[in-house]
Amino acid sequence: MCVKKMSSEKIILDEEDIPKQWYCILSDLPKPLPPPLDPAQKAPGPGIAPLIFAKEVLGQEFSKDRWINIPEEVRDVYRLWRPTPMFRAVRLEKALKTPAKIYYKYEGVSPSGSHKPNTAVAQAYYNLKEGKERLTTETGAGQWGSALAFGCQAFDLKSTVFMVRVSYEQKPYRRVMMETWGADVYPSPSTQTEAGRKILSEDPESSGSLGIAISEAAEDALTNDDANYAIGSVFNHVLTHQSVIGLEAQKQFEAVDDYPDVIYGCIGGGSSFSGLFWPFYYDKVSKKAPKDVRFVATEATACPSVTRGEYRYDHGDTARLTPLFKMHTLGHQFIPPPIHAGGLRYHGMAPTLSLLTAEDQVETRAYNQLEVFDAAILFAKAEGIVPAPEPSHAIKGAIDEALKCKETGEEKTILFLLCGHGYFDMQAYDDYLSGKLLPYEYPEEKVQQAMNQLRELYPWVDKLPF
Ligand SMILES: Cc1ncc(COP(=O)(O)O)c(C=O)c1O
């Protein structure tokens with residue numbers, strides 16, 4: 001390992017420390033992952049996945065290999081921003097007067113400003129190798145869409161992005177960023193697809209959802225030979241690609257001779273948090289971890305998939321094109337309240353993370369957007385970086401943990417993932433600063449309605465052994 005530069009606050013690795021392999025958790029889970037189900041067959045099956053994903057990507061989805069080589073072409077693009085820095089947040093520690101040590105790994109230095117290019121670049125590369133000319137996808141806040149536009153641009157592929165309408169209207173600069181990298185961007189629901197037209201005929205004012213946008217992007221890939229589909233979270237291969245985050249963080253802790261007691265991340269579909277904690281989880285299950293490290297996932301009270309949703313089979317999209325996945329869900333018809341953390345407004349959760357929370361390997365917390373922005377502002381004032389609303393949930397969790405240490409006198413080492421900057425989120429900050437933000441709680445009746453609908457739609461699922 002070569003630590004290029006190290007001060008008490010900033011831990012930077014050298015290019016040669018960019019991981020050469022990704023870590024895949026599937027063979028280390030406490031139980032086998034329940035398989036996807038094809039609702040037409042009422043049995044395990046990948047549904048439309050083989051028709052819209054690159055073969056290599058699909059192979060990684062079900063990989064039994066713990067380590068997967070990262071192609072040199074992908075590492076070459078990673079070199080533009082990786083390894084990413086890890087900081088000791090000494091100013092935040094001082095502001096909180098805590099005896100805890102707080103570290104954060106910062107993914108906002110990537111070209112599009114978040115962790116998302118770690119998988120976008122890899123997916124673009126595999127699709128190019130398999131002869132595709134275009135990738136389709138959905139995006140919520142615009143973070144994933146801009147990452148995919150960048151990834152496609154790096155390998156001369158075209159990209160088509162269906163952007164949830166409320167974000168398309170709230171965040172025009174994310175659209176411009178995608179278009180700068182050559183993407184065609186449509187507000188979703190759109191008139192481009194059958195799924196979009198159906199939703200619009202029922203509700204011409206629909207503000208959209210990630211579930212609807214996924215249906216549109218999947219349909220586009222399914223009905224056009226030049227294109228495949230790429231997804232920004234939830235799927236095993238995406239989380240695997242994100243493991244570069246945690247693998248680097250492990251080296252950075254080695255460099256300062258420390259190790260986390262607890263790791264916080266935010267969860268929309270679970271990819272950034274999993275990318276950070278998986279390698280530490282592997283340390284734990286292989287008995288290499290020097291401490292009994294805890295993992296804590298944080299989400300929005302407006303979209304409480306894991307804290308309030310049920311762990312049961314559901315579709316990944318609104319039009320029911322995808323197979324059924326066993327995951328925590330609020331129901332595939334979920335239309336989220338218009339909170340600013342657009343990346344956390346998805347009804348489902350990564351099946352691996354759902355399994356790990358169901359097995360008590362991962363703790364969960366939900367916060368409302370007012371308390372989240374309180375934490376974001378405290379962090380920005382202390383550390384300088386203006387965080388995206390999504391990772392501000394992790395900041396809130398880390399701050400609460402550090403304040404608990406203040407009461408107990410414990411000198412814990414806390415790590416959280418700052419998975420993106422918030423420089424495209426000034427409207428959210430403006431709304432917070434002018435007192436316009438509301439502390440949304442998703443209503444319990446809506447969760448129950450959605451679960452009843454799932455039980456009625458797929459009564460046979462509960463009889464299966466998974
Ligand atoms: C900045 C940012 N953080 C977090 C997320 C949530 O996704 P995931 O849980 O897959 O990291 C998103 C999703 O769009 C995002 O844009």
Side-chain angles (χ1 to χ4, degrees), residues 84 104-120 123 137-150 161-164 166-167 170-171 174 177-178 209-210 213-214 230-246 264-278 295-300 302-303 305-306 316 327-328 336 339-354 356-357 362 364 372 376 385-397 416-425 428:
T84 60
Y104 62 96
K105 176 80 168 154
Y106 185 41
E107 290 291 306
V109 293
S110 80
S112 62
S114 80
H115 61 290
K116 300 276 180 182
N118 296 331
T119 182
Q123 293 189 56
T137 199
E138 71 290 335
T139 194
Q143 286 272 20
W144 164 241
S146 40
L148 191 77
F150 162 75
V161 182
F162 293 89
M163 185 173 188
V164 175
V166 62
S167 294
Q170 265 178 8
K171 301 191 177 190
R174 276 277 165 199
M177 191 180 203
M178 291 185 251
S209 70
L210 271 174
I214 292 174
I231 190 155
S233 189
V234 178
F235 276 51
N236 305 332
H237 66 270
V238 177
L239 279 55
T240 297
H241 298 159
Q242 294 296 352
S243 66
V244 287
I245 304 172
Y264 280 84
C266 68
I267 51 168
S271 73
S272 53
F273 177 53
S274 299
L276 178 65
F277 88 83
W278 276 12
F295 310 115
V296 188
T298 62
E299 64 181 6
C303 183
S305 320
V306 178
M327 60 182 177
H328 284 92
I339 56 161
H340 281 287
L344 306 192
R345 291 185 301 209
Y346 181 59
H347 68 274
M349 189 49 60
T352 49
L353 188 63
S354 293
L356 288 167
T357 53
V362 173
T364 54
V372 164
I385 299 168
V386 178
E390 293 87 353
S392 299
H393 291 70
I395 297 176
K396 165 71 180 155
F416 72 85
L417 182 61
L418 183 51
C419 59
H421 66 63
Y423 299 120
F424 285 85
D425 296 283

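One-based numbering, in listed order, for ligands and for the atoms of each.
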With a 4.0 Å cut-off on heavy atoms, does [X] reach ligand 1?
X: Ala141; answer: no
X: Lys116; answer: yes
X: Cys266; answer: yes

Could you tell me if the side chain of [Y] sits less than 4.5 Å from the side chain of [X], heavy atoms only?
X: Leu356; Y: Phe295; result: no
X: Gln242; Y: Ser274; result: no
X: Ile245; Y: Lys105; result: yes
X: Met349; Y: Thr357; result: no
X: Leu417; Y: Phe273; result: no

Would you say ligand 1 has an N or O under 3.5 Å from any N or O of [X]?
X: Ser272; answer: yes
X: Gly268; answer: yes
X: Ser271; answer: yes
X: Pro391; answer: no
X: Ser233; answer: yes
X: Gly269; answer: yes

For atom 6 (C) of ligand 1, what is the nearest protein heavy atom, given as residue, atom name and distance? Gly343 O, 3.3 Å
Nearest-contact summary for atom 3 (N) of ligand 1 - protein heavy atom, Å: Cys419 SG, 3.1 Å
Just by distance, with hydrogens left out, do [X] and [Y] show a side-chain donor and acceptor under 3.5 Å apart?
X: Thr119; Y: His241; value: yes
X: Arg174; Y: Thr139; value: no
X: His328; Y: Ser354; value: yes

For atom 1 (C) of ligand 1, which candidate among Glu138, Gln143, His421 provides the closest heavy atom? Gln143
If you count the atoms of ligand 1 from 1 in the order shown, which ones are under 4.0 Å from a heavy atom of Ile267? 9 (O)
Provide the number and element of each atom of ligand 1 under 4.0 Å from a heavy atom of His115. 2 (C), 3 (N), 4 (C), 11 (O)
Look only at the side chain of Gln123 and the backbone of Ile231, and say whether a donor-acceptor pair between them is shorter than 3.5 Å. yes
